[in-house]
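Step one of this worksheet: look at the structure below.
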Amino acid sequence: MRRTTTVFWVWLISMLLGLLILPGLCSAEDGWWNEGWQYRRKISFDTTSTAADVKENINDLTVLIRLHSGNFAFTSARDDGGDIRFVDADDVTLLKHHIEKIDVLDEIALIWVKVPRIGGATDQGFIWMYYGNEEAVGGQDPGGSFAADQVVAYHLGEMEGPPKDATVNNNHAVVFTGGQGLPGVIGNGITLNGAGDHIETASSPSLSFSAGFSFSAWVRINQGQTDAWLFARQDDKAALRVGIDGTRVYATVTNADESESATTDTSSDLPTGSWHLVTVTGASGGNLTIFIDGMQMTWIALPTTLPLPEGDLMIGDADAGGHGVFGDLDEVGIYTRPLSADRIRAIFANQGPEGKMIAYGIEEMGGGGGMPAFYLGTILRNVTLDGLIVIGLLMVLSIVSWMVFIGKAGFLLRADRENRQFMTAFQACDNPVVTSVETDRFANLGLCRLYRAGYAVIRNGMLGDADGATLPMASPQMLKAMKNELEKNYIDETKRLNSNLTVLTLAISGGPFLGLLGTVWGVMNTFAAMAEAGEANIMAIAPGVASALSTTVVGLIVAIPALFAYNFLTTRIKDITVDLAVFIDDFSMKAENQAGETA
């Protein structure tokens, strides 16, 4: 018994030391951009046919990084996101980025990063996101976050005032009429309610379409339109319009006297009630092409002599009126060259609600290489407040159950030792009924307690000479009273041995259920956060679900040791109670025999 207990404690201490030492041994992957940053995550790009279907390499693509509680631990970074940095795959080159929105209460962030190169038809590309540095200063570069050919980027997240251009060109809107602060496909968007609602942007040298153009916007219409102008630009030489007639998207370019023009057909249907990426590209001598959700829908050749306009930009109803848009817009981009089909597909796959192109890796710390022993810290840093509350309750239950186990195990070991020592003394006594067994050296435990109770009854009923030489025979009633007293004390001893075991049964049965409650609640929060952020993919779900499952793991960690402890204690208690029952019969038999001999 003693050897088994020693082995158990050696095993337990070894396991605890292993949990403390192993993470330190598993850290320090070669290459860490800057020692001042504590954490990083790998952000991977998938451009294969199952995700973005991008066939060619893309340079200087501005990608959207959506962070939420399912893929990022907001408590590990500063509240304003000022310590977030993005580094290229070489772990050396710092990438330009800017934060559109960060909300640590709702645990949502939208960040734009310019990636120098994304390979086509591969899932091996990636960048690093570093965070966790309270001393970090600055870091954002909104103007540098976009390629040189993107001259307008309206995130449309403003709550009031005309939309601001996020590019270095500062092509801010000069007029805006419409609704703001409404949920969009990326953060907030705007709504246009027909005649008069529009965004107007003044012409500037950066808005030259001499080499071509691209217009891109996320659009949601809930009804058919009456020749609504989604985008219009005109001057004294030419006019360019992108419109919606019914639910059909069209584009047209015409010169001032309308002697030359090119208009796409109306085969590009825009489904109502949902968000879709509408992209139109064109260049003189090239094609005027319409894309919806990254797919080329229709095109028409543009004459070489047909100029592109250089006037003010109108998004929504033009000055003349009668072409109002009834619908919602988000993330408007204007470019001074035609975007390639691969770039448009990449933009759709990245910005769309499904977020197929980007996957978020696990959190690594201090150069950690992602060994399994390090995952525990990553998971715990993603646990939300409700999960921490459940884990706290489970820890309290675990501490109490361990206190009960250690206290009860010590008590049973002492009781077992004292019982064996007492039985040795009891068996060595010639007449334990008449002559009291020496019990002063034993603690008042188990068999000793029973013996004292039974001996007291016998001595009170068997009176004789002062020197105890002769004694009358005890009556049957007295022997029965002695046995009743023994049985009464046996019941008291049984209760004492089984006291506080209820705590262990609560840990066994309640621990997993408390953990399951935390898991279900955490999964609900993860899906709610993803719905709010507008992103859904397995890599975004995985960290949040793993963190939610941590409560179930903690519940099992509480319950499993409690189960082993309960079985160990009940086995020892059963052995001791058997010894008590055998002693009652043995002592009763000796009392009857020895009392009869004195008659």
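Here the structure is a predicted model, which means the values were calculated and not measured.
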Worksheet item: Are V152 and L207 close enough that some pair of their side-chain heavy atoms sits under 4.5 Å apart?
Response: yes
Worksheet item: Hey, mind stepping through F213 and R233 against side-chain contact (heavy atoms from CB on, under 4.5 Å) and telling me if it holds?
Response: CA-CA 11 Å; F213 79 97; R233 190 180 193 189; over 6 Å; no
Item to complete: For a side-chain contact (heavy atoms from CB on, under 4.5 Å) with I300, tell me which candidate from T264, T252, T289 qualifies.
Response: T264
Worksheet item: What are the two closest heavy atoms between A211 and A283, and how far apart are they?
Response: O-CB, 4.0 Å
Worksheet entry | Electrostatic pair K237-D235, nearest N-O below 4.0 angstrom | no
Item to complete: Could you walk me through whether Y250 and R241 pass side chain to side chain donor-acceptor pair (under 3.5 Å), step by step?
Response: CA-CA 8 Å; Y250 71 90; R241 301 183 189 94; over 6 Å; no
Item to complete: To the nearest 0.5 angstrom, please state how far the CD atom of Q140 sits from the CD1 atom of I99.
Response: 4.0 Å
Fill in: Test log, rule side-chain contact (heavy atoms from CB on, under 4.5 Å), inputs T50 and D123
CA-CA 10 Å; T50 58; D123 58 0; over 6 Å; no
Worksheet entry | Y131 and Y39 aromatic ring geometry - parallel, tilted or perpendicular at 30°/60° bounds | tilted
Worksheet item: Considering all heavy atoms of both residues, which atom of A228 and which atom of V325 are nearest to each other, and what is their separation?
Response: CB-CG2, 3.7 Å
Worksheet item: With no hydrogens and no angle check, is any side-chain donor or acceptor of R85 less than 3.5 Å from a backbone partner on G82?
Response: yes
Worksheet entry | Nearest-0.5 Å distance that lies between atom CG in L156 and atom CD1 in I186 | 10.0 Å
Discussion item. Quick one: does any side-chain atom of E134 pair with a main-chain N or O of R78 as donor and acceptor, under 3.5 Å?
Written reply: no
Worksheet entry | Test item: side-chain donor near acceptor, S261 and T254, under 3.5 Å | no
Worksheet entry | Polar side-chain atom of N171 near backbone of V151 as donor-acceptor pair, under 3.5 Å | yes
Discussion item. Quick test of your reading of the model: are D149 and R343 salt-bridged, counting only N-O distances below 4.0 Å?
Written reply: no
Worksheet item: Sub-3.5 Å donor-acceptor pair from the side chain of N350 to the main-chain atoms of L64, do we have one?
Response: yes
Worksheet, complete the sentence: Rounded to the nearest 0.5 angstrom, the CG-CZ distance for N34 and R40 is 12.0 Å
Worksheet entry | Pairwise distance CG(D265) to CD1(I290) - rounded to 0.5 angstrom | 7.5 Å
Worksheet item: Are any side-chain N or O atoms of D342 and backbone N or O atoms of E56, one a donor and one an acceptor, separated by less than 3.5 Å?
Response: yes
Practice prompt. Quick one: closest heavy-atom pair of R66 and G352, and the distance?
Written response: NH2-O, 3.5 Å
Worksheet, complete the sentence: CD1 (I102) and CZ (F72) are apart, to the nearest 0.5 Å, by 6.5 Å
Worksheet item: Any side-chain heavy atom of P162 within less than 4.5 Å of one from I199?
Response: no
Worksheet item: Are the side chain of T551 and the backbone N or O of T519 linked by a donor-acceptor pair below 3.5 Å?
Response: yes
Worksheet item: When rounded to the nearest 0.5 angstrom, what is the spacing between CD1 in I292 and CG in L277?
Response: 9.5 Å
Discussion item. Assess, by modelled atom type and distance only, whether the side chains of H155 and E331 contain a donor and an acceptor separated by less than 3.5 Å.
Written reply: yes
Worksheet item: Does a sphere of radius 6.0 Å around CG in N59 hold more than 12 heavy atoms from other residues, nucleotides or ligands, not counting ones at 6.0 Å or beyond?
Response: yes
Discussion item. Give me the atom names and distance for the closest heavy-atom approach of I315 to L192.
Written reply: O-CD1, 4.4 Å
Practice prompt. Please report the closest heavy-atom contact between W37 and D83, naming both atoms and the distance.
Written response: NE1-O, 2.6 Å
Worksheet item: So do I111 and V113 actually touch side chain to side chain, heavy atoms under 4.5 Å?
Response: yes
Practice prompt. Would you please classify the geometry between the W32 ring and the Y130 ring as parallel, tilted or perpendicular, with 30° and 60° separating the classes?
Written response: perpendicular
Worksheet entry | Validation row: Q38, N133 side chains within 4.5 angstrom (heavy atoms) | no
Worksheet item: Is there side-chain contact between Y360 and I65, with heavy atoms separated by less than 4.5 Å?
Response: yes
Item to complete: Just do the side-chain contact (heavy atoms from CB on, under 4.5 Å) check on D165 and Y154 with the steps written out, would you?
Response: CA-CA 5 Å; D165 177 22; Y154 291 149; 3.9 Å; yes
Worksheet item: Is there a donor-acceptor contact under 3.5 Å from the side chain of T336 to the main chain of S208?
Response: no
Worksheet item: Is the backbone of E260 close enough, under 3.5 Å, to the side chain of N255 for a donor and an acceptor to pair up by distance?
Response: yes
Worksheet item: Would you call T226 and F326 a side-chain contact if the rule is heavy atoms closer than 4.5 Å?
Response: no
Discussion item. Can you tell me if K96 has over 12 outside heavy atoms packed within less than 6.0 Å of its NZ?
Written reply: no
Item to complete: For the residue pair V332 and F231, establish whether any side-chain heavy-atom pair is separated by less than 4.5 Å.
Response: no
Discussion item. Using modelled atom types and a 3.5 Å cut-off, is there a donor and acceptor pairing between side-chain atoms of D141 and backbone atoms of H97?
Written reply: no
Worksheet, complete the sentence: Smallest heavy-atom separation, W128 atom then D88 atom, equals CD1-O, 3.7 Å
Fill in: Side-chain donor/acceptor of E158 to backbone N/O of Q180, under 3.5 Å
no
Item to complete: Sort and list the pairs that fulfil side-chain hydrogen bond (donor to acceptor under 3.5 Å, both in side chains) and have at least one residue in residues 273-283, not counting sequence neighbours.
Response: S274-H276, H276-D293
Item to complete: Please assess H68 against E107 for the test side-chain contact (heavy atoms from CB on, under 4.5 Å), listing each intermediate value before the final yes or no.
Response: CA-CA 5 Å; H68 50 75; E107 296 190 328; 5.8 Å; no
Worksheet item: Are T266 and D245 side-chain neighbours, meaning at least one heavy-atom pair lies under 4.5 Å?
Response: no
